[in-house]
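One structure is given here, and the rest of the page talks about it.
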There are 2 protein chains.
Amino acid sequence: MARRADQERIAQKREQIAAQAGRLFAAQGYERTSVAEIATAVGISPASVFYYFNDKAALFRAVFERDLPAAEALIARHADAKEPVSAILDVLGELAKDAIDPGASGMLVELLRRAEHDPDLIAVVGRTSEVVRDGLAVLIVRGIDDGDIDPALDPIQTATWLQAIVDATYLNARPGYSPLPELRRTAMGYLTTFPSQGVDHRD
Amino acid sequence: MARRADQERIAQKREQIAAQAGRLFAAQGYERTSVAEIATAVGISPASVFYYFNDKAALFRAVFERDLPAAEALIARHADAKEPVSAILDVLGELAKDAIDPGASGMLVELLRRAEHDPDLIAVVGRTSEVVRDGLAVLIVRGIDDGDIDPALDPIQTATWLQAIVDATYLNARPGYSPLPELRRTAMGYLTTFPSQGVDHRD
DNA sequence: GTCTATACTCGGATAGAC
DNA sequence: GTCTATCCGAGTATAGAC
């Protein structure tokens with residue numbers, strides 16, 4: 001029983017450290033944030049941080065390991081929606097919700113940069129983004145079946161592109177301004193612009 | 001005359017150093033690229049690099065100072081186009097062209113990171129992106145006047161959003177795959193989706 | 001488990017000879 | 001202008017006491 005209690009306590013401490021690390025990484029960047037700084041924010045010594053995490057890179061990954069359950073819940077919540085297109089817009093809106101938070105943009109940028117040379121990190125965020133991508137693809141297929149989405153679109157490729165658009169909202173984030181209208185209009189226009197509508201045939 | 005020759009020689013050397021720096025920053029990131037490494041790539045000593053640039057941050061900015069003339073030329077080239085919408089798509093295509101180059105994505109990410117705490121860098125890239133944004137806005141206004149673009153759209157805000165979409169193509173870049181079709185379809189859908197078309201009024 | 005103290009490495013920047 | 005040599009600060013990670 002003591003064993004179990006210890007495990008939980010360790011998990012809590014890891015969570016606490018990861019939270020502070022995430023905050024500081026987002027605000028200052030990975031390299032510009034020292035382990036000593038994170039330790040101070042938590043109220044422990046640098047050495048203690050290394051007791052809970054093997055190295056600094058593991059600390060960064062921990063921040064994103066927390067996202068997977070949230071992504072799974074989000075997709076599950078909309079999987080059985082009656083209106084696929086509407087569900088897609090809702091999912092995108094949820095994903096972009098954090099974009100309003102200043103610092104979320106910084107964290108995305110930091111993630112993209114580090115993902116290029118940390119295979120373990122790629123694995124962590126890859127799982128999360130696959131869950132979202134596949135969930136969106138399923139909705140796209142249903143939207144096509146319903147005749148609401150252009151059947152010429154490839155579901156997986158389109159889902160990937162929609163995720164990229166969400167990333168764009170993060171990059172475009174500014175305080176006191178919500179990118180949701182642009183996002184919805186963009187996705188809507190992309191999904192439902194049938195070739196016959198998009199091209200001008202006047203003569 | 002000797003004075004002029006020297007100036008040109010210095011400019012050439014600066015250009016040479018900036019080119020190597022850009023390549024390495026894109027591939028490895030700013031902090032992970034040492035000045036010594038850049039110096040080696042050019043074939044000079046680290047001290048010589050500091051003869052041409054005050055510090056490492058100035059070296060990074062130099063990479064982007066070269067973009068302004070190109071942006072001005074791009075906008076000027078399309079300013080008098082007969083078909084505004086078509087011109088906008090062409091401009092976006094040109095902007096996204098570099099996205100195919102592996103490493104361009106890395107450089108964008110690096111830029112976004114560093115821009116947050118280097119005011120001088122913000123000034124440098126700000127000028128370039130303003131030129132593009134204003135150029136696009138002018139085309140959008142003309143597209144609205146022609147009745148090809150939804151008049152409900154705010155030109156400046158829309159131009160800014162289109163730039164964000166271009167950034168998204170960089171993030172979505174993968175080798176052997178061009179994001180141009182997605183980009184064109186997205187912009188087209190966004191600009192020309194009139195509210196009366198976008199909403200389904202079946203009953 | 002958490003600390004203090006520190007070993008070790010590395011990178012930016014400068015001094016001063018040539 | 002370009003070099004060699006070097007200073008200095010910072011940061012990761014570890015050793016070992018408690």
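To find a chain, count down the sequence lines: A is the first, B the second, and so on, and within it residues start at 1. It should be emphasised that the depicted structure is a prediction, and the values quoted were computed from it without experimental measurement.
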Each nucleotide N or O in nucleotides 7-10 of chain D that has a protein N or O under 3.5 Å away: list the pair and distance.
none

Within the pair B:Ser48 and D:dG1, is there a side-chain N or O less than 4.0 Å away from OP1 or OP2?
-> no

Between CZ on residue B:Arg184 and CG on residue B:Asp90, distance to nearest 0.5 Å = 6.0 Å

For B:Arg9 and D:dT2, is the shortest distance between a side-chain N/O and OP1 or OP2 below 4.0 Å?
-> yes

What bend angle does the helix from C:dG1-D:dC18 to C:dC18-D:dG1 show across its length, from five-pair end axes and to the nearest 10 degrees?
-> 0°

Under 3.5 Å, side chain of A:Gln163 to main-chain N/O of A:Ser129, donor-acceptor pair present?
-> yes

Between OH of A:Tyr52 and P of C:dG1 the distance, given in whole Å, is 6 Å

Does any N or O in the side chain of B:Thr192 come within less than 3.5 Å of the main-chain N or O of B:Met188, such that one atom is a donor and the other an acceptor?
-> yes

Using 4.0 Å as the upper bound for N to carboxylate O, is an ion pair formed by A:Arg185 and B:Asp150?
-> yes

Just by distance, do the side chain of B:Arg142 and the backbone of B:Ala81 share a donor-acceptor pair under 3.5 Å?
-> yes

Decide yes or no on salt bridge (Lys or Arg N to Asp or Glu O under 4.0 Å) for A:Glu116 and A:Arg113, but give the supporting numbers first.
-> CA-CA 6 Å; A:Glu116 281 175 27; A:Arg113 186 86 280 281; 2.8 Å; yes

Spacing between A:Tyr51 atom OH and C:dT2 atom P, to the nearest angstrom = 7 Å

From the list B:Glu37, B:Arg23, B:Glu110, side-chain hydrogen bond (donor to acceptor under 3.5 Å, both in side chains) with B:Gln28 holds only for B:Glu37

Between P of C:dG1 and CD1 of A:Ile17, the distance in whole Å | 12 Å

Can you tell me if CD on A:Glu83 sees more than 12 non-hydrogen neighbours from other groups inside 6.0 Å?
-> no

Would you give a per-nucleotide map of nucleotides 9-15 of chain C, 5' to 3', where B means the base has a protein non-hydrogen atom under 4.0 Å away, S means only the sugar-phosphate does, and - means neither?
-> --SSBBB

In whole Å, what is the span from the CG atom of A:Leu24 to the P atom of D:dG11?
-> 13 Å

A:Phe60 atom CZ is separated from D:dT12 atom P, nearest whole Å, by 14 Å

Are any side-chain N or O atoms of A:Lys56 and backbone N or O atoms of A:Ser34, one a donor and one an acceptor, separated by less than 3.5 Å?
-> no

Does atom CG of B:Asn54 have more than 12 heavy-atom neighbours from other groups under 6.0 Å away?
-> no

Do the charged groups of A:Lys97 and A:Glu94 touch, with an N to O distance under 4.0 Å?
-> yes

